[in-house]
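Below you'll find the structure, written out as structure tokens, and then a few comments.
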Amino acid sequence: MSRISWDQYFMSQSHLLALRSTCTRLAVGATIVREKRMIAGGYNGSIAGGVHCSDEGCYVIDNHCVRTIHAEMNALLQCAKFGVPTEGAEIYVTHFPCLQCCKALIQSGIKTVYYAVDYKNHPYAIELFEQANVKVEHVELEKVPYEDHIKKLQFVSELIDRLSETKDLDEKELLELKRKSELYFA
């Protein structure tokens, strides 16, 4: 058996972290790495001890869930909490970072962003990464046993989100659909 590459190793870790996500809209994981060593990991979810979207639904304002802290932010905050420097580190993220996470990554000194899935890649985020000389590289995750599980859960979550936009279902019906989908993938 051959060993997996460093990129696949760290990207797999990020996908594994995404399985801890409590966000019902999109499960994201992030792993911060320095000198081929993982220094922090994060997934998107609520504040520690807070109400989770997976329990009570998303708290959406202007089409964004304000209850969720993004995976990249959680990983950076973990470093801050424990005094771990991020200057010159790399981050492996399951999805392309949003604009706010892009700015936080740049300010924290991250020098390389590896991402597996294009997700609303904001043109200004791309521009900011270029201005800050942050290398951005697409690293597709090779097939892993739990990948189909994640894709199915994301697909179902996207379908439920689309249903919620049509206003054909009331909030109670949507919450029941989300609950059933989470039980199916538990």
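Nearest heavy atoms, Ala125 versus Cys102: O-SG, 3.6 Å. Nearest heavy-atom pair across His95 and Val28 is ND1-CG2, 3.7 Å. Here the closest non-hydrogen pair linking Thr24 and Ser54 is CG2-CA, 3.6 Å. Residues Cys53 and Cys23 share a closest heavy-atom pair of CB-CA, 4.3 Å. Taking every heavy atom of both residues into account, Ala27 and Thr94 meet most closely at O-OG1, 4.0 Å. Contact between Thr22 and His52 at its shortest, heavy atoms only, is OG1-ND1, 3.2 Å.
By the 4.5 Å heavy-atom criterion applied to side chains, Phe96 and Lys120 are not counted as neighbours. The shortest distance between side-chain heavy atoms of Leu105 and Val113 falls below 4.5 Å. Between Glu90 and Lys111 there is no side-chain heavy-atom pair separated by less than 4.5 Å. Using a 4.5 Å cut-off on side-chain heavy atoms (C-beta onward), Val117 and Val93 make no contact. Contact of the Ile69 side chain with the Asn44 side chain is not registered, since no non-hydrogen atoms from C-beta on lie closer than 4.5 Å. No side-chain heavy atom of Tyr59 sits under 4.5 Å from any side-chain heavy atom of Val51. Here the side chains of Lys103 and Ile106 are not in contact, with every heavy-atom distance at 4.5 Å or above. The closest side-chain heavy-atom distance from Ile39 to Cys79 is below 4.5 Å.
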Practice problem: Let me see the working for Cys98 and His122 under side-chain contact (heavy atoms from CB on, under 4.5 Å), right down to the final yes or no. | Solution: CA-CA 7 Å; Cys98 74; His122 198 285; over 6 Å; no

Exercise. Apply ring-ring contact (aromatic ring centres under 6.0 Å, His included) to the pair Tyr92 and Tyr114, showing each step before the final yes or no.
Key: CA-CA 5 Å; Tyr92 288 78; Tyr114 299 98; 4.4 Å; yes

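The distance from atom CD of Glu72 to atom CD of Gln100, rounded to the nearest 0.5 Å, is 11.5 Å. Rounding to the nearest 0.5 Å gives a distance of 7.0 Å between CH2 of Trp6 and NZ of Lys36. Rounded to the nearest 0.5 angstrom, Cys65 SG and Leu26 CG are separated by 11.5 Å.
Heavy-atom contacts from other residues, nucleotides or ligands closer than 6.0 Å to CD of Gln131 number more than 12. In Arg20, the CZ atom is not crowded: 12 or fewer heavy atoms of neighbouring residues, nucleotides or ligands sit closer than 6.0 Å. The local environment of CD in Glu137 is crowded, with over 12 non-hydrogen atoms from other residues, nucleotides or ligands closer than 6.0 Å.
For His138 and Tyr115, the ring centers sit closer than 6.0 Å to each other.
In this structure a side-chain-to-backbone donor-acceptor pair under 3.5 Å is present from Thr86 to Ser108.
Leu17 and Leu19 are members of different hydrophobic clusters when ILVMFWY side chains are connected at heavy-atom separations under 4.5 Å. Cluster annotation: Ile91 is not connected to Leu77 through the hydrophobic network of ILVMFWY side chains, with a link wherever side-chain heavy atoms come within less than 4.5 Å.
Residues Thr31 and Ser14 have side chains that bring a donor and an acceptor to within less than 3.5 angstrom of each other.
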